[in-house]
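Notes for the one structure printed next.
Just so it is clear, the values below take in all heavy atoms, side chains as well, and ignore hydrogens, waters and symmetry mates. Worth saying up front: this structure is predicted, and the values here are computed from it rather than measured.
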Amino acid sequence: MSTAHQIVDILLAGLLAGSVAFALSIAAPQAATSVGVAAAAAFYFSRHPWGVSVETGREYNEQFDELYDRYLPF
């Protein structure tokens, strides 16, 4: 995994944290940030989609990597 892939993963994790925190802030404002950060950490550290088998998770990760390779210059 290149540095560019890791940077994009961090940006996606940040967007995920922000969206989850924003959506949850209406119902549970005190827990919104913690849940958003937990969701972002789960994405970044595993890149394993929830609720699928290990094989399907690997396929999703390969699709992410192919997408990154297609659009990232390095």
Side chains of residues 32-39: which donor-acceptor pairs under 3.5 Å do they make with residues two or more places apart or in other chains?
none

Give every donor-acceptor pair under 3.5 Å between a side-chain atom in residues 19-26 and any protein atom, sequence neighbours left out.
unit_1 : atom_1 : unit_2 : atom_2 : d
Ser19  : OG     : Leu15  : O      : 2.5
Ser25  : OG     : Phe22  : O      : 2.7

Hey, what do you get for CG (Leu12) to CZ (Phe64), rounding to the nearest 0.5 Å?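 Answer rounded to 0.5 Å: 7.0 Å.
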
Spacing of Asp65 atom CG and Asp9 atom CG [to the nearest 0.5 Å]: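 Answer rounded to 0.5 Å: 8.0 Å.
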
Check side-chain contact (heavy atoms from CB on, under 4.5 Å) between Ile10 and all other residues, then give those that pass, not counting sequence neighbours.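 side-chain contact (heavy atoms from CB on, under 4.5 Å) list for Ile10, sorted by chain: Tyr44.
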
